[in-house]
Enquirer: 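Below is a structure I'd like to ask you about.
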Amino acid sequence: MRYMDDTVVMKRMTKRITANKVWKTLFFLATTFALVALAILLYRIVTQGIDYLNIDFLTNFASRFADKAGIKAALIGSLWLMAVVAPVSIILGVGTAIYLEEYAKKNKINDFIRMNISNLAGVPSIVFGLLGLTIFVRMMGLGKSILAAGFTMSLLILPVIIVAAQEAIRAVPNEQREASYGMGATKWQTILRVVLPAAIPGILTGSILALSRAIGETAPLVVIGIPVILQFLPNGLLSQFTALPMQIYDWAKRPQEAFQYVAAAGILVLMTVLLLMNSIAIYIRNKFQKRY
């Protein structure tokens, strides 16, 4: 039996250890760069916007004077928008994923559908805005309403939720399904009581990311013609509205320096809403993770 020379072994090990250190350093520097950039961005936003963030800012409507400008209409409008987007996108997304993973046959047509759903997740948001303008605003006659914007945003994030739900359902072990069938459960009972509870953490993770994208998107709202400044609150799904990204965009593009600080305060409000949404979803996800 022929053994390798110790010198050759040590030489190869030295190369591998060196390469490991180099890649570890590069990954560390990349992470550090991202964290530093994020810290600088947060510091700039907080220092600029904290002075304008008060009760009057939250309860006033938009104004052409920076010291009187508020975000009330945009904040309430964004909450109305999410009240449409969340149920529509999650119900349709999870339902589609259940059908594709549990009911649809494995053939070329369904594989083609799955591939195109994955591709839709990378389509620019302005394309969905054009689609929403054509179908919901003009063809269906919904106008520049909460319902039209909600349906448009739902289309935007639907592929992300479908893909995430598919992966979560696919990750449930087949043994659990077989055990349910062995106890006499039907396919739907197995999906409802075994598959979905086990897949909920993964589904919620994808939904969190998707909804976070939806609440911060501006391009689709601009395309379908959502107004920037409103002096009233929406009173129904067919009412006109404005949203936080639209209001922040309007303030940020104004030449007056004071409005740059107002925009920073608006960003802080948007980040707070995002954190609250994510915290609720993470709590629900962790609760199911402990149970299943």
Side-chain angles (χ1 to χ4, degrees), residues 1-46 93-94 96-98 100-102 104 106-108 110-125 156-179 194-214 216-217 267 271 274-275 277-279 281-292:
M1 185 174 179
R2 185 176 179 182
Y3 295 95
M4 293 184 65
D5 188 4
D6 291 343
T7 305
V8 176
V9 174
M10 291 302 297
K11 186 176 181 180
R12 291 182 179 179
M13 288 298 297
T14 302
K15 288 182 179 180
R16 292 177 181 178
I17 292 172
T18 303
N20 180 67
K21 290 181 179 179
V22 170
W23 285 110
K24 181 181 178 181
T25 303
L26 288 175
F27 294 148
F28 175 76
L29 291 175
T31 304
T32 303
F33 176 78
L35 291 175
V36 169
L38 179 62
I40 293 173
L41 179 62
L42 289 176
Y43 174 77
R44 183 174 182 273
I45 291 172
V46 171
V94 176
T96 303
I98 290 173
L100 291 174
E101 291 300 319
E102 299 292 334
K106 306 297 181 182
N107 53 40
K108 292 183 178 179
N110 290 327
D111 290 340
F112 179 75
I113 293 173
R114 292 186 183 93
M115 180 185 67
N116 279 277
I117 289 174
S118 300
N119 291 337
L120 283 174
V123 173
S125 59
L156 172 65
I157 66 174
L158 199 55
V160 178
I161 295 178
I162 292 173
V163 172
Q166 281 184 281
E167 294 296 332
I169 293 171
R170 202 177 296 147
V172 178
N174 283 328
E175 290 79 3
Q176 294 187 17
R177 296 178 175 88
E178 292 170 359
V194 177
V195 176
L196 279 182
I200 276 181
I203 293 172
L204 283 179
T205 300
S207 300
I208 291 168
L209 297 175
L211 292 174
S212 298
R213 180 187 179 187
E217 279 287 353
I267 293 172
M271 290 174 59
L274 276 172
L275 288 174
M277 288 172 50
N278 292 352
S279 299
I282 290 171
Y283 171 77
I284 297 173
R285 184 187 67 186
N286 292 339
K287 183 177 180 180
F288 276 90
Q289 277 182 333
K290 293 178 181 177
R291 185 180 300 178
Y292 296 96

Enquirer: Looking at every non-hydrogen atom in both residues, tell me the closest pair between I169 and E101 and how far apart they are.
Expert: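 It is CG2-CB, 3.9 Å.
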
Enquirer: Working to the nearest 0.5 Å, report the span between CD1 of I113 and OG1 of T96.
Expert: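 Answer rounded to 0.5 Å: 10.0 Å.
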
Enquirer: Going by salt bridge (charged side-chain N to carboxylate O under 4.0 Å, His left out), name the residues that satisfy it together with R44, two or more places apart in sequence or in a different chain.
Expert: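 R44 satisfies salt bridge (charged side-chain N to carboxylate O under 4.0 Å, His left out) with no residue once adjacent residues are dropped.
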
Enquirer: Using a 3.5 Å distance criterion without hydrogens, assess whether the side chain of R213 forms a donor-acceptor pair with backbone atoms of I157.
Expert: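 Looks like no, no N/O pair under 3.5 Å.
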
Enquirer: Under a 3.5 Å threshold, yes or no: a donor from one side chain and an acceptor from the other, between N110 and N107?
Expert: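 Looking only at side-chain atoms, N107 and N110 do form a donor-acceptor pair, the distance falling under 3.5 Å.
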
Enquirer: Which heavy-atom pair separates P201 from A198 by the least distance, and what is that distance?
Expert: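 Taking P201 first and A198 second, the nearest heavy atoms are CD-O, 3.6 Å.
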
Enquirer: Between V172 and R177, what is the shortest heavy-atom contact and its length?
Expert: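 Looks like O-NH1, 2.8 Å.
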
Enquirer: Can you see which heavy atom on L156 is nearest to which on P159, and at what distance?
Expert: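 Minimum heavy-atom contact is O-CD, 3.6 Å.
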
Enquirer: Evaluate the criterion side-chain contact (heavy atoms from CB on, under 4.5 Å) for residue pair M277 and I208; output intermediate values, then yes/no.
Expert: CA-CA 8 Å; M277 288 172 50; I208 291 168; over 6 Å; no

Enquirer: Can you tell me how far the CG atom of L211 sits from the CG atom of L274, to the nearest 0.5 Å?
Expert: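 Answer for the CG-CG pair, L211 versus L274, is 10.0 Å.
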
Enquirer: How long is the span from the CD1 atom in I200 to the OG1 atom in T205, to the nearest 0.5 Å?
Expert: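 Result: 11.5 Å between the selected atoms.
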
Enquirer: In Å, rounded to the nearest 0.5 Å, how long is the span from CG of L42 to CG of L35?
Expert: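 One finds 10.5 Å between CG of L42 and CG of L35.
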
Enquirer: To check you understand the geometry: which heavy-atom pair defines the closest contact between I161 and G93, and what is its length?
Expert: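 So the two residues come closest at CG2-CA, 4.1 Å.
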
Enquirer: Salt bridge (charged side-chain N to carboxylate O under 4.0 Å, His left out) for R114 and D111? Distances and angles first, verdict last.
Expert: CA-CA 5 Å; R114 292 186 183 93; D111 290 340; 3.2 Å; yes

Enquirer: To check you understand the geometry: which heavy-atom pair defines the closest contact between A121 and V160, and what is its length?
Expert: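 Taking A121 first and V160 second, the nearest heavy atoms are CB-CG2, 4.3 Å.
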
Enquirer: With rounding to the nearest 0.5 angstrom, report the CD1 to CE distance, I117 to M115.
Expert: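 Nearest 0.5 Å value for the CD1-CE distance: 11.0 Å.
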
Enquirer: Just wondering, do I162 and V94 contact through their side chains at under 4.5 Å, heavy atoms?
Expert: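 Not in contact.
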
Enquirer: Report yes if the side chains of T25 and V22 come closer than 4.5 Å at any heavy-atom pair, otherwise no.
Expert: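 Not touching, per the 4.5 Å side-chain cut-off.
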
Enquirer: Could you grab the distance from atom CE of M13 to atom CG of N20, nearest 0.5 Å is fine?
Expert: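 Result: 10.0 Å between the selected atoms.
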
